[in-house]
Amino acid sequence: MNLNFVWLALGEALSPTTAAYALATIGLVVHFGFTGLLNFGQAGFMAVGGYAFAITTLKLDWPAPFAFLATIAAATLFALILGIPTLRLRADYLAIVTIAAAEIIRLSVKTAELTEITGGATGLNGAGRVFNELNPIPEGRYGFGVLTYTADQLWLRVFGWALVLLACLIVYLLIRSPWGRVIKGIREDEDAVRSLGKNVFAYKMQALIFGGILGGLAGALFILPRSLQPDNYGTQLTFFLYTIMLLGGATTVFGPVIGSMIFWVVLSLSDGLLSLGINSGILPLTTTQQGPIRFIIVGVALALLVVFRPQGLLGNKKEVFFNA
Amino acid sequence: MPKTPVADLIAGPVAPGVKKRNPIIVVDGVSRRFGGLTAVDVEHVEIPANAITALIGPNGAGKTTFFNLLTGFDQPNSGSWTFQGRDIGGVPAYRVARRGMVRTFQLTKALGLMTVMDNMLLGATKQPGENMLRALFRPTWRGREDEIREKAVDLLTRFKLDAKADDYAASLSGGQRKLLEMARALMSSPDLVMLDEPMAGVNPALTQSLLGHILDLKEQGMTVLFVEHDMHVVREIADWVIVMAEGRVVAEGAPDTVMSDPAVVDAYLGAHHDTDLGTLSGQLEVAKDMESDLVRHDLEEEAVADGR
Ligand SMILES: Nc1ncnc2c1ncn2[C@@H]1O[C@H](COP(=O)(O)OP(=O)(O)OP(=O)(O)O)[C@@H](O)[C@H]1O
Ligand SMILES: [Mg+2]
């Protein structure tokens with residue numbers, strides 16, 4: 001029996017995609033977990049970041065470091081556009097506006113008029129090549145067995161996880177600071193915090209921008225190993241991020257990392273196990289049913305988790321602020 | 001702390017809207033309507049500085065709405081008001097608080113998912129670590145954090161909450177939350193403290209010490225404006241009483257005389273008329289509530305005349 005799929009599944013834990021999902025989820029934790037902002041459009045932030053990176057590198061020939069700055073600027077602008085009209089209103093308005101804005105981005109980049117810049121429905125390919133120009137790792141093969149990587153693949157993993165750890169560190173410092181205290185107060189009762197002399201709108205804006213930048217950078221990271229496809233940024237992506245967040249713990253710093261790893265390893269493992277079962281005739285399924293069934297498994301696991309451990313794997317039960 | 005003599009507070013004959021010698025708040029023509037209902041319609045009122053003023057009135061009189069307007073939590077349909085001589089109409093709530101006018105809420109807003117200590121620290125001002133960039137560099141705010149923590153411990157001890165400092169505020173009782181909210185408001189050393197029913201739900205023994213704290217605030221030079229339904233409390237600590245009914249200021253006066261003002265009698269009886277007051281005994285009940293000898297006298301006479 002070929003058990004390579006187990007190794008491949010474990011390799012998923014450190015893949016750049018896992019890092020990108022972790023980074024985007026850290027942004028979501030800043031929004032939802034710590035500030036109480038209902039952002040249902042994190043996929044939109046990822047799309048904005050991904051397009052900013054791809055367009056500046058591929059169409060404007062910017063080197064990768066500047067493209068990352070452009071990513072940050074674009075995500076900031078997107079956060080301002082969403083936040084200025086909604087953050088003074090009740091929390092649900094932000095939810096509606098973010099979900100709509102993410103869809104608007106996904107659909108409008110596909111229009112014929114923008115194809116020159118955005119690549120239309122086929123998207124943009126090749127941003128990863130520009131990024132690899134920065135690769136300091138010498139040519140060669142690294143790793144063992146099925147987990148052997150080229151220098152570029154290794155560089156991408158090192159860079160991606162360094163970015164995730166840096167984000168974790170910043171969030172960790174912020175949350176334990178007086179700034180984090182204000183943010184957590186806002187999550188629970190804005191008026192109480194306002195009555196103590198804090199500019200609630202400004203704090204919510206800062207949190208929206210910061211979490212949005214993490215989402216934008218995650219979007220850039222996400223397209224480095226693959227081409228940019230507009231349909232990768234549907235609402236489904238946002239809900240995967242919510243899944244990861246609840247899995248790891250919505251009010252934790254490292255929850256998104258653990259959550260993202262488990263999410264991808266389980267998806268990949270169940271894929272391997274299902275094909276093993278199907279190929280050997282144990283499971284009465286077809287290979288086309290295999291994909292959806294993986295997500296059913298994830299969905300059931302999430303439902304059980306929210307019922308039995310609403311604080312997530314790493315969370316503190318006393319800080320759970322949503323009622324499952 | 002002795003009561004401030006009435007003569008030192010007012011500059012004119014006792015009447016609704018009377019000028020004060022040293023007002024901290026001056027309100028002019030403030031009105032707030034909710035649809036067809038006029039919740040607040042105050043022509044002119046002044047709150048005396050460095051004194052304890054009680055704002056009383058029947059349920060629905062507009063006291064909380066008036067608080068919300070003054071503190072920037074709600075916007076009036078018209079009117080203006082000043083705090084320490086500066087116009088603060090239209091100023092956002094957080095700026096009002098920063099200027100030294102801090103309020104508590106009738107429905108307590110303790111932050112239950114944070115510890116009691118964190119609730120307190122949140123009330124402090126001038127913490128540079130509340131700036132996002134500075135927050136990342138602990139040495140820039142650690143000194144201030146130690147200072148405010150010391151102050152918080154001090155206040156918590158005074159309010160008998162020091163043993164609870166590390167508990168989540170959600171685990172406090174209703175009365176303890178009231179205390180926490182009041183202590184938290186004091187973290188910023190405000191000039192004016194506005195308390196919306198601070199004694200509601202606090203047991204009698206604690207009420208006494210809470211009254212002591214409020215008197216202390218005055219001694220420290222602060223001004224207190226509080227909403228209260230319990231006339232014993234009002235009599236005990238208030239230097240001055242303002243009575244609201246149906247959105248308007250109907251009377252003002254010293255605590256031991258204001259309840260006999262016919263306008264006040266009207267306000268309370270009027271407010272009870274359409275509800276529980278079918279009977280004379282019900283009215284007597286209200287009179288007892290108000291401790292108004294005048295009303296009781298009137299009603300008793302009426303009862304005698306009716307031959308009951
Ligand atoms: N947001 C609102 N929308 C509509 N009506 C309101 C609103 N807030 C208050 N009111 C109305 O305004 C009037 C005054 O309410 P307010 O809460 O100020 O009374 P109060 O004097 O504080 O009473 P209590 O002693 O019961 O607390 C009431 O008739 C109330 O129904
Ligand atoms: Mg009220």
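Predicted model only: the values in this text are computed from it and were never measured. Each chain gets a letter, A, B and so on, in the order its sequence line appears, and its residues count up from 1. Values below: every heavy atom of this structure, side chains too, minus hydrogens, waters and symmetry copies.
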Heavy-atom pairs under 4.5 Å with chain A - which of [options] has more of them than the others?
{"options": "B/M187, B/R95, B/E145", "value": "B/E145"}
{"options": "B/P128, B/G112, B/A185, B/S188", "value": "B/G112"}
{"options": "B/V102, B/T104, B/L121, B/T125", "value": "B/L121"}

>> Among B/L161, B/L155, B/V116, which residue satisfies the side-chain contact (heavy atoms from CB on, under 4.5 Å) criterion with B/L179?
In response: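 So, applying the side-chain contact (heavy atoms from CB on, under 4.5 Å) to B/L179 and each of B/L161, B/L155, B/V116, only B/L161 qualifies.
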> Out of A/V97, A/L37, A/I81, A/I96, which one pairs with A/T86 under the side-chain contact (heavy atoms from CB on, under 4.5 Å) rule?
Replying inline: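 It is A/V97; the other options fail the test.
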> Side chain, backbone, both or neither: which part of A/V200 has a heavy atom under 4.5 Å from chain B?
Replying inline: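 Interface part for A/V200: neither.
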>> Please classify the contact between A/I183 and chain B as side chain, backbone, both or neither, with a heavy-atom cut-off of under 4.5 Å.
In response: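 No part of A/I183 comes within 4.5 Å of chain B.
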> Going by the salt bridge (Lys or Arg N to Asp or Glu O under 4.0 Å) test, which pairs reach into residues 200-216 of chain A, not counting sequence neighbours?
Replying inline: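 Residue pairs passing salt bridge (Lys or Arg N to Asp or Glu O under 4.0 Å), neighbours aside: A/E190-A/K204.
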Is [X] close to chain A through its backbone or its side chain, or both, or neither, when contacts mean heavy atoms under 4.5 Å?
{"X": "B/I148", "result": "side chain"}
{"X": "B/A170", "result": "neither"}
{"X": "B/R184", "result": "both"}
{"X": "B/E181", "result": "neither"}

> Can you say whether the rings of A/Y242 and A/F239 are parallel (under 30°), tilted (30 to 60°) or perpendicular (over 60°)?
Replying inline: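 If you compare the ring of A/Y242 with that of A/F239, the planes turn out tilted.
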>> With chain B as the partner, which of A/L169, A/V182, A/V193 has the greatest number of non-hydrogen pairs under 4.5 Å?
In response: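 Greatest number of close heavy-atom pairs with chain B: A/V182.
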>> Is the positively charged end of A/R176 above the ring of A/Y172, judged by distance under 6.0 angstrom from the centroid and angle within 45° of the axis?
In response: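 Cation-pi check for A/R176 and A/Y172: passes.
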> Salt bridge check: are B/D154 and B/K151 linked by an N-O gap of less than 4.0 Å?
Replying inline: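 No salt bridge links B/D154 with B/K151.
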> According to the ring pair (Phe, Tyr, Trp, His ring centres under 6.0 Å) rule, which pairs have a member within residues 72-122 of chain B, sequence neighbours left out?
Replying inline: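 For residues 72-122 of chain B, and leaving out neighbouring residues, the ring pair (Phe, Tyr, Trp, His ring centres under 6.0 Å) pairs sorted by first residue read B/F73-B/F105.
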